[in-house]
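Shown next, in structure tokens, is the structure this report addresses.
Along the sequence shown, the residues carry numbers beginning at 1.
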Amino acid sequence: MRKCSLWTFLPVMFSFFTAAGLWVVYFIAVEDDKITPLSSEYNRSVSRFPPYISIAGDAPPASCVFSQVMNMAAFVGFILGVLRYLQLKPRVRKPWLNIISLVALSLACFGMTLAGNFQLSNYKKLHNFGAFMTFGLGTLFCWVQSFMTLKVNLRNEGKQAGIPRFVLSGAVTFCMLLYFALMAQRLHMHAARAQWALVMFFLVFLGTFAIEFRHYHFEIVCSDDQEPPMSTNRHHI
């Protein structure tokens, strides 16, 4: 039986450590009495805020951890996007879909850095712009990747990976729409729960790339474009 490539651990570790880091931010904010726990009901008369991710990571020390988690997630997420692009490039019939997917995830990762480094209370517009980039373009990435998974059908595992990805894409989209709908009705606790569910589903989606990565090895090749030097050997007649 063929061994799995070590690259299969990259998506899994990315999803696990990013989720763990966000929950650490949440528990720090709860411990500091900055936000209401997700399991409680929001009381406007209390000084604690609803447990939105942005609010949990708004003030130190939670904001310091939040910035670090988002920066690392953006960096590794971008690497995942590039590797996935290279994996599909020789096999996809519509290269523009692959390019759209890479651009969408790259911009979503850039949005993560904006949301992570510009806190809500200090740079609200820039923070929200980064969050919209992350959620909106991240959702687009999920749908495009789900479609390409079925079409390309790597190692005849298209359905095995594609169907769960379509389900996860639907869950991400549903949670995002639910989040905005609940926000509009000022049902903040339910909106915060929808937001946390949205992020967790998105991380699980990225973790599913381990299915295809286990068959592949990625290498970096450095070469010189110049022609090899001419031989200096002389032949005497």
Side-chain angles (χ1 to χ4, degrees), residues 10-38 47-85 100-142 145 172-173 175-176 179-180 182-183 188-189 191-207 209:
L10 182 62
V12 175
M13 292 177 65
F14 165 79
S15 299
F16 175 79
F17 285 108
T18 303
L22 291 175
W23 285 111
V24 167
V25 171
Y26 165 79
F27 285 116
I28 291 175
V30 170
E31 187 67 22
D32 287 346
D33 215 27
K34 297 291 178 61
I35 60 173
T36 304
L38 286 166
S47 59
R48 292 178 298 183
F49 295 99
Y52 293 109
I53 299 174
S54 298
I55 295 179
D58 189 56
S63 61
C64 304
V65 180
F66 183 59
S67 296
Q68 188 69 9
V69 170
M70 295 298 280
N71 288 334
M72 292 300 297
F75 175 70
V76 181
F78 174 71
I79 292 176
L80 283 177
V82 172
L83 294 179
R84 181 62 173 170
Y85 170 82
I100 288 175
S101 176
L102 176 61
V103 171
L105 185 61
S106 300
L107 292 176
C109 290
F110 177 67
M112 290 183 200
T113 64
L114 294 180
N117 294 287
F118 297 93
Q119 275 70 39
L120 184 64
S121 59
N122 296 323
Y123 304 95
K124 185 176 181 179
K125 290 184 178 180
L126 193 54
H127 177 91
N128 287 335
F129 179 71
F132 289 145
M133 286 179 66
T134 302
F135 293 150
L137 294 172
T139 302
L140 174 62
F141 171 81
C142 291
Q145 279 295 325
V172 168
T173 304
C175 288
M176 184 173 63
Y179 164 71
F180 287 117
L182 292 170
M183 277 279 291
H188 294 294
M189 284 303 298
R193 291 163 185 157
Q195 186 189 55
W196 278 96
L198 160 63
V199 173
M200 294 302 114
F201 281 130
F202 181 65
L203 291 176
V204 171
F205 183 96
L206 291 174
F209 288 134

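- Using modelled atom types, no side-chain atom of T36 and backbone atom of P50 make a donor-acceptor pair closer than 3.5 Å.
- Counting heavy atoms from C-beta outward, C109 and T134 have side chains that stay 4.5 Å or more apart.
- Side-chain contact between F132 and F129: absent, with no pair of heavy atoms (C-beta onward) separated by less than 4.5 Å.
- For Q195 (side chain) and I53 (main-chain N/O), a donor-acceptor pair under 3.5 Å exists by modelled atom type.
- Residues Y179 and W196 form no side-chain contact, since every pair of their non-hydrogen atoms from C-beta on lies 4.5 Å or further apart.
- At least one side-chain heavy atom of P51 sits less than 4.5 Å from a side-chain heavy atom of M189.
- Counting only N and O atoms by type, the side chains of Q119 and S63 include no donor and acceptor under 3.5 Å apart.
- Proximity of R193 to L38: side-chain heavy atoms (C-beta onward) are separated by under 4.5 Å at one or more points.
- In this structure, I55 and K34 have side chains that are not in contact, with every pair of non-hydrogen atoms separated by 4.5 Å or more.
- In this structure, the side chains of V199 and F135 come closer than 4.5 Å at one or more pairs of heavy atoms.
- Heavy atoms only, all atoms of each residue included: A62 and A56 are closest at CB-O, 3.2 Å.
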Residues 70-81 side chain polar contacts: donor-acceptor under 3.5 Å, at least two apart:
from: N71; atom 1: OD1; to: N117; atom 2: ND2; distance (Å): 2.8
from: N71; atom 1: ND2; to: S67; atom 2: O; distance (Å): 3.1
from: N71; atom 1: ND2; to: N117; atom 2: OD1; distance (Å): 3.3

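- Contact check for H188 versus Y52: side-chain heavy atoms found under the 4.5 Å cut-off.
- Closest heavy-atom contact between S54 and L120: CB-CD2, 4.3 Å.
- Under the 30°/60° scheme for interplanar angles, the aromatic rings of F209 and F205 are found to stand perpendicular.
- Here the straight-line distance linking atom CG of D32 with atom CZ of R48 works out to 12.5 Å at 0.5 Å rounding.
- Within the model, atoms CG of L114 and CG of N128 stand 11.0 Å from one another, a figure rounded to the nearest 0.5 Å.
- Within 6.0 Å of the CZ atom in F16, the count of heavy atoms belonging to other residues, nucleotides or ligands does not exceed 12.
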